[in-house]
Protein chains: 2
Amino acid sequence: MMTVADIVGRIGRVARWEPDARGRLAEAALELYAERGYEQTTVADIAGRAGLTERTFFRHYADKREVLFGGPMPELVEAALREAPAGEGALAVGRLAMLAAAGALPPERRPFARKRQAVIDATPALQERELLKLDSFARLIDRALTARGEEPAVSRIVAETSVALFKVAFAAWIDGDGGNDLTTLTEGAFVALGRVSAG
Amino acid sequence: MMTVADIVGRIGRVARWEPDARGRLAEAALELYAERGYEQTTVADIAGRAGLTERTFFRHYADKREVLFGGPMPELVEAALREAPAGEGALAVGRLAMLAAAGALPPERRPFARKRQAVIDATPALQERELLKLDSFARLIDRALTARGEEPAVSRIVAETSVALFKVAFAAWIDGDGGNDLTTLTEGAFVALGRVSAG
DNA sequence: AGCCTTGATGTCAGCAACTGACATCGCTCG
DNA sequence: CGAGCGATGTCAGTTGCTGACATCAAGGCT
């Protein structure tokens, strides 16, 4: 195969490999998972469509699930927690963290997110991974709040609750008509918590 | 091998197989996971310690993780949701469901639960499965609340929040000194939510 | 210019999780 | 007493995933 040279050749600068192997793998994986289902897709299939080998897939992603979870959300959450103003209360900090997460998914990413979510919703193995990622946000929030001097009990409740609300907002964003962006829905979930826990 | 006949022989009634293969597998698995770690344990190891073969393991449990999650909690949650009094508010129903879950773990099971949790906490693959099980509770609550006529938005928030609070209570039960039972801690988490979301 | 290190990739062998197909054989029921 | 059932065993095969080693263009060093 000389596809690399073929394609890049006419541009002038010859790169040794086609660029963005990671991205190509992620794209190929989502397509294949959507076309034939996660279990009916083999890692070799994905690598093949991306013009790579199975071994290379595992150099970029730890396993067959991880390829759908490569986004920048964790970094955004960490940054928000790092930069949260000192005066804020615990729940407000959790809210800021989740709003930062929501920032990773602007309206234009909704088509992609919906396709991806359809695959995840059809695949328990992928749901597990998604839940673990979300849970890791709770751990980040918990750690940050404890570091801020919050009581451990408050820390944990706020951390878990914040993520729970983000999950609700995200589901509403995916299921809705696109009229509200994820940030707005996330704020709404935090507001609604007050009503629910009061009523 | 004639161990079955050997052991059971002296009792009189000869059963064809040693009883409770499922339970033996679960026990063997927890022991081995605790001794050498989840990844260092092979399914053949587990089956061997239980006096069975690998193939039989997979007839009792769908995969290597599931063997730690065979408890009756889902049934208890379903029953609680089925029998929740008609007058109760949404959050109260979620609370009842989680209290039912707590009922599966009386104080005398705490040593077992702690050992099991230590294994889970050391193993991301098992954390994923645990989170999926908990998430399934949220889905049960959501469905029950919607069937009761709650608004979908309220339903989802209450479902996710209830499970979030149970997670907090469970962690406190495992980490604490055993002075409070899980039911009490679960009630406490629901009470604390009011304080946190107000303050 | 010529060499050398580097880094992304390829190749290959191997283990372990899981599955389908078929065999075994006490027990139970008619 | 024979037939069928059901839990288990045996075996072969696919696939996820890993370690060890090879390749080879790019970029820096002399």
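For clarity, every value in this text was computed on a predicted model and none was experimentally measured. Order of the sequence lines fixes the chain letters, A, B, ..., with proteins taken first and strands second; residue numbering starts at 1 for each chain.
Within the 4.0 Å cut-off from OP1 or OP2 of C:dA8, not a single side-chain nitrogen or oxygen of A:His60 is found. An OP1 or OP2 oxygen of D:dT8 is reached within less than 4.0 angstrom by no side-chain nitrogen or oxygen of B:Thr53.
Computed from coordinates, the B:Glu18 CD to C:dG26 P distance equals 17 Å when rounded to whole Å. Note: CZ (B:Phe57) to P (C:dC18) measures 8 Å, nearest angstrom. Atom CG of B:Asp20 is separated from atom C1' of D:dA7 by 14 Å (rounded to the nearest Å). The interatomic distance linking A:Arg22 (CZ) with C:dA8 (C1') rounds to 14 Å, in whole Å. Residue B:Glu54 contributes atom CD, which lies 13 Å from atom C1' of D:dA12 at whole-angstrom precision. At whole-Å resolution of the value, CZ in B:Phe58 and P in C:dA17 are 6 Å apart. Per the geometry, CZ belonging to A:Arg55 stands 13 Å off P belonging to C:dT11, to the nearest Å.
Counting only heavy atoms from C-beta on, A:Thr56 has its side chain closest to C:dG10 among C:dG10, C:dT19, D:dG19. In the set C:dC18, D:dC21, C:dA21, D:dC21 carries the atom at the smallest distance from any side-chain atom of A:Arg59.
Looking at DNA chain C, the stems built from 3 or more consecutive Watson-Crick or G-U wobble pairs, each pair with its key distances under 3.5 Å, are C:1-30 with D:1-30.
In B:Arg143, the CZ atom is not crowded: 12 or fewer heavy atoms of neighbouring residues, nucleotides or ligands sit closer than 6.0 Å. Within a 6.0 Å sphere centred on CD of A:Glu66, heavy atoms belonging to other residues, nucleotides or ligands number more than 12.
Through direct or indirect side-chain contacts shorter than 4.5 Å among Ile, Leu, Val, Met, Phe, Trp and Tyr, B:Leu132 is connected to A:Leu131, A:Leu132, B:Leu131.
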Kindly give the atom pairs (protein nitrogen or oxygen, nucleotide nitrogen or oxygen) under 3.5 Å for nucleotides 4-6 of chain D.
{"from": "D:dG6", "atom 1": "N2", "to": "B:Arg16", "atom 2": "NH1", "distance (Å)": "2.4"}

List the atom pairs, donor and acceptor, that lie under 3.5 Å between side-chain atoms in residues 42-51 of chain B and the rest of the protein, sequence neighbours left out.
{"from": "B:Thr42", "atom 1": "OG1", "to": "B:Ala44", "atom 2": "N", "distance (Å)": "2.9"}
{"from": "B:Asp45", "atom 1": "OD2", "to": "B:Arg36", "atom 2": "NH1", "distance (Å)": "2.7"}
{"from": "B:Asp45", "atom 1": "OD2", "to": "B:Thr42", "atom 2": "N", "distance (Å)": "3.0"}
{"from": "B:Arg49", "atom 1": "NH1", "to": "B:Glu31", "atom 2": "OE1", "distance (Å)": "2.8"}
{"from": "B:Arg49", "atom 1": "NH1", "to": "B:Glu35", "atom 2": "OE2", "distance (Å)": "3.2"}
{"from": "B:Arg49", "atom 1": "NH2", "to": "B:Glu35", "atom 2": "OE1", "distance (Å)": "3.2"}

Please tabulate, for the side chains in residues 157-170 of chain B, all donor-acceptor contacts under 3.5 angstrom to protein atoms that are two or more places apart in sequence or on a different chain.
{"from": "B:Glu160", "atom 1": "OE1", "to": "A:Lys167", "atom 2": "NZ", "distance (Å)": "3.2"}
{"from": "B:Thr161", "atom 1": "OG1", "to": "B:Ile157", "atom 2": "O", "distance (Å)": "2.6"}
{"from": "B:Ser162", "atom 1": "OG", "to": "B:Val158", "atom 2": "O", "distance (Å)": "2.7"}
{"from": "B:Lys167", "atom 1": "NZ", "to": "A:Asp135", "atom 2": "OD1", "distance (Å)": "3.3"}
{"from": "B:Lys167", "atom 1": "NZ", "to": "A:Glu160", "atom 2": "OE1", "distance (Å)": "3.1"}

Hey, can you pull the donor-acceptor pairs under 3.5 Å for the side chains in residues 184-193 of chain A, sequence neighbours left out?
{"from": "A:Thr184", "atom 1": "OG1", "to": "A:Asp181", "atom 2": "OD1", "distance (Å)": "2.6"}
{"from": "A:Thr186", "atom 1": "OG1", "to": "A:Leu182", "atom 2": "O", "distance (Å)": "2.7"}
{"from": "A:Glu187", "atom 1": "OE1", "to": "A:Arg95", "atom 2": "NH1", "distance (Å)": "2.6"}

List the atom pairs, with distances to 0.1 Å, where a side-chain N or O of residues 71-94 of chain A and a protein N or O form a donor-acceptor pair under 3.5 Å, not counting sequence neighbours.
none

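The structure places OG of B:Ser136 at 10.5 Å from CD of A:Gln127, a figure rounded to the nearest 0.5 Å.
A heavy-atom distance below 4.5 Å is not found between the side chains of A:Arg156 and A:Leu145. Proximity of B:Tyr33 to B:Gln40: side-chain heavy atoms (C-beta onward) are nowhere separated by under 4.5 Å.
Contacts of residues 25-47 of chain A with DNA chain C (heavy atom under 4.0 Å): none. Only at 4.0 angstrom or more do the heavy atoms of residues 117-133 of chain B sit from any atom of DNA chain D, so none qualifies.
Evaluation of the side-chain contact (heavy atoms from CB on, under 4.5 Å) rule for A:Asp121 yields A:Gln117 as partners, not counting sequence neighbours. Taking B:Arg110 as the reference, nothing meets the side chain to side chain donor-acceptor pair (under 3.5 Å) condition, with sequence neighbours excluded. Not counting sequence neighbours, A:Thr123 has no partner by the side chain to side chain donor-acceptor pair (under 3.5 Å) test.
A single hydrophobic cluster is seen to contain both A:Leu30 and A:Phe58, as judged by linkage of ILVMFWY side chains at heavy-atom distances under 4.5 Å, directly or through other members.
Side chain A:Arg65 to base D:dG16: no donor-acceptor pair is found below 3.5 Å.
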